[in-house]
Asks: 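After the structure tokens below, expect a handful of questions from me.
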Amino acid sequence: MYSKILILRFPQEVVHKPLVCHLVREYDLTFNILNAEVLPRKEGVLVLELYGEKKNFKEGVKYLEDNGVRVKNAGQEIRRDEKKCIHCGACTAVCPTAALYVRQPEMSIGFDQQKCSVCELCVLACPTRAMKIRPTNQMFFDE
Ligand code: SF4
Ligand code: SF4
């Protein structure tokens, strides 16, 4: 499973077309909408996390671009949902930068975001889905 946070900018002439629904039907992709706005010039901006097989992902993005949508990768970071973390330690086994580590002697799991390379391995490894990919900021609405 491949996933990325994307910023989609829909020109006024395509803003009402169901292009994102087409990604689900034709490319077997799923998505989670993180933000949606209509800009003053009636352009639409959608920030979403898109999931699927890598090949389908690339083809789906090409489909959007062929239909006039501007697609950009969002800056992204990993956050931990502290309420969901059960301190099982599964993420520490996959984390290549030691951003996730075992605190001694209490044996709880610490997360040092400064060391995180956003490789996303912990997102897949975490049994409770406590590790989440998030856009870093909203700057991409500027221009
Ligand atoms: S794998 Fe998930 S639940 Fe387990 S310690 Fe890591 S973040 Fe917490
Ligand atoms: S995204 Fe990668 S580097 Fe960051 S905490 Fe998870 S496993 Fe470690």
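Just follow the structure's listing: the first ligand is 1, and inside any ligand the first atom is 1.
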Asks: Going by distance alone, is a donor N or O of one side chain under 3.5 Å from an acceptor N or O of the other, for E65 and Y63?
Replies: no
Asks: Tell me, which protein residue and heavy-atom name are nearest atom 8 (Fe) of ligand 1, and how many Å apart are they?
Replies: C85 SG, 2.4 Å
Asks: Enumerate the atoms of ligand 2 whose separation from the nearest heavy atom of F111 is less than 4.0 angstrom.
Replies: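 Reading through ligand 2 atom by atom, the close ones are 5 (S).
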Asks: Identify the closest protein heavy atom to atom 6 (Fe) of ligand 1: which residue and atom is it, and at what distance?
Replies: C91 SG, 2.3 Å
Asks: Could you list the atoms of ligand 2 found under 4.0 angstrom from a heavy atom of T97?
Replies: 3 (S)
Asks: Would you mind running through ligand 2 and noting each atom that sits below 4.0 Å from a heavy atom of E120?
Replies: 1 (S), 2 (Fe)
Asks: Could you list which atoms of ligand 2 come closer than 4.0 Å to a heavy atom of C95?
Replies: 3 (S), 5 (S), 7 (S), 8 (Fe)
Asks: Identify the closest protein heavy atom to atom 4 (Fe) of ligand 1: which residue and atom is it, and at what distance?
Replies: C88 SG, 2.3 Å
Asks: Quick one: does A125 get a heavy atom under 4.0 Å from ligand 1?
Replies: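 No, that is not the case, since the closest heavy atom of the residue is not under 4.0 Å from the ligand.
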Asks: Let's go through M131 and E120 carefully: what are the C-alpha distance in whole Å and the side-chain angles of both, what is the deciding distance for side-chain contact (heavy atoms from CB on, under 4.5 Å) to 0.1 Å, and is it a yes or a no?
Replies: CA-CA 9 Å; M131 303 305 288; E120 303 175 22; over 6 Å; no
Asks: Could you find the nearest protein heavy atom to atom 3 (S) of ligand 1 and give me its residue, atom name and distance?
Replies: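 Here the nearest protein heavy atom works out to I86 N, 3.4 Å.
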Asks: Quick one: nearest non-hydrogen protein atom to atom 7 (S) of ligand 1, plus distance?
Replies: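 Going atom by atom, the protein heavy atom closest to atom 7 (S) of ligand 1 ends up being M131 SD, 3.6 Å.
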Asks: Which ligand 2 atoms does C122 reach within 4.0 Å, using its non-hydrogen atoms?
Replies: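 Counting atoms of ligand 2 from 1, those under 4.0 Å from C122 are 1 (S), 5 (S), 6 (Fe), 7 (S).
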Asks: Any N/O/S atom, backbone or side chain, of C126 lying under 2.8 Å from atom 2 (Fe) of ligand 1?
Replies: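 It does: C126 brings an N, O or S atom closer than 2.8 Å to atom 2 (Fe) of ligand 1.
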